[in-house]
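See structure below.
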Amino acid sequence: MRIDPEFKKLIPPLVPDEKNRLRANLKRDGCRDALVVWEEEGILLDGHNRLEICEEEGIEYRTATISLPDRAAAEIWILENQAGRRNLSITQKALLANELKDRYAAEAKKRQGARTDIMADSATMLDIGKQSRDQAAEKYGIRGRAVSAVTTVKTRGVPELFDALK
């Protein structure tokens, strides 16, 4: 099982209190949930924090595999899986939804590129972006405006502001 740094960066880090609670739960109850590994690549998709703590504390864990066609599908799976994981702030949800929106849009653009009956005009691309934004926002139970705000800070703001959001 390998750790992909890009995949790990998709997941908001635990704050110290959350990590301490997770450590205490793992020590008390063991690792009840399997770590999820991308079957074709042997890359950890879910359970980075549990793996780290289990290895530090000598706690046994099990793995489950999931079959995915490519890296884009793996990234989407990670981001969608985070939607129901733990109590995330609205800002964290919007940041994750922004990442998911970009991946949804890229997949839609790929599918559109395979079609021969439509042209990729700017109105179509705007529609793909809006649909991707709303679809991602819905996964996290937030409004599309929150995702748009993150996108604006990311694309038009200073990098330090975006880093502060994260």
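Predicted model, so just to flag it, every value in this text is computed and none were measured. Sequence positions, counted from 1, serve as the residue numbers for this chain.
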Exercise. Please report the C-alpha distance between Trp77 and Glu75 in whole Å, then the side-chain angles of each, then the deciding distance to 0.1 Å, and finally whether the side-chain hydrogen bond (donor to acceptor under 3.5 Å, both in side chains) criterion is met.
Key: CA-CA 5 Å; Trp77 187 91; Glu75 290 174 346; over 6 Å; no

Exercise. Output, in order, the C-alpha distance, side-chain angles, deciding distance and verdict of side-chain contact (heavy atoms from CB on, under 4.5 Å) for Leu51 and Tyr61.
Key: CA-CA 8 Å; Leu51 175 64; Tyr61 59 87; 3.4 Å; yes

Practice problem: Take Leu26 and Arg32 through the side-chain contact (heavy atoms from CB on, under 4.5 Å) test and state the conclusion after the steps. | Solution: CA-CA 8 Å; Leu26 289 168; Arg32 296 175 304 185; over 6 Å; no

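The side-chain hydrogen bond (donor to acceptor under 3.5 Å, both in side chains) search around Arg28 returns Asn25, not counting sequence neighbours. Checked against salt bridge (charged side-chain N to carboxylate O under 4.0 Å, His left out), Glu6 has the following partners two or more places apart in sequence or in another chain: Lys9. Looking at residues two or more places apart in sequence or on another chain, you find a side-chain hydrogen bond (donor to acceptor under 3.5 Å, both in side chains) between Asp17 and Arg21. For Ala136, the side-chain contact (heavy atoms from CB on, under 4.5 Å) criterion is met by Ala97, Leu100, Lys101, Tyr104, not counting sequence neighbours. Listed by chain and residue number, Ala72, Ala73, Lys110 satisfy the side-chain contact (heavy atoms from CB on, under 4.5 Å) test with Asp70 (two or more places apart in sequence, or in another chain). With sequence neighbours left out, Lys19 forms a salt bridge (charged side-chain N to carboxylate O under 4.0 Å, His left out) with Glu52.
With salt bridges taken as basic N to acidic carboxylate O contacts below 4.0 Å, none links Asp134 and Arg143.
To the nearest 0.5 angstrom, Arg2 atom CZ is 4.0 Å from Ile43 atom CD1. Atoms CZ and CG, on Phe7 and Leu45 in that order, are 6.0 Å from each other to the nearest 0.5 Å. Atoms SG and CG, from Cys54 and Leu22 in turn, are 8.0 Å apart once rounded to the nearest 0.5 Å. To the nearest 0.5 angstrom, His48 atom NE2 is 5.0 Å from Ile11 atom CD1. Residue Arg103 holds its CZ atom at 11.5 Å from CD of Glu80, rounded to the nearest 0.5 Å. With rounding to the nearest 0.5 angstrom, the CG atom of Asp46 is 7.5 Å from the CG atom of Leu35.
With hydrogens and angles ignored, the 3.5 Å screen pairs a side-chain donor or acceptor of Arg50 with a backbone N or O of Asp33. Looking only at distances, a side-chain donor or acceptor of Glu40 sits under 3.5 Å from a matching main-chain atom of Leu68.
Side-chain contact check for Val36 versus Thr63: every heavy-atom pair is 4.5 Å or farther apart.
By the neighbour-count criterion of 12 heavy atoms within 6.0 Å, atom CD of Glu60 is sparsely surrounded, having that number or fewer from other residues, nucleotides or ligands. Counting heavy atoms of neighbouring residues, nucleotides and ligands inside a 6.0 Å radius, atom CD of Glu138 does not exceed 12 of them.
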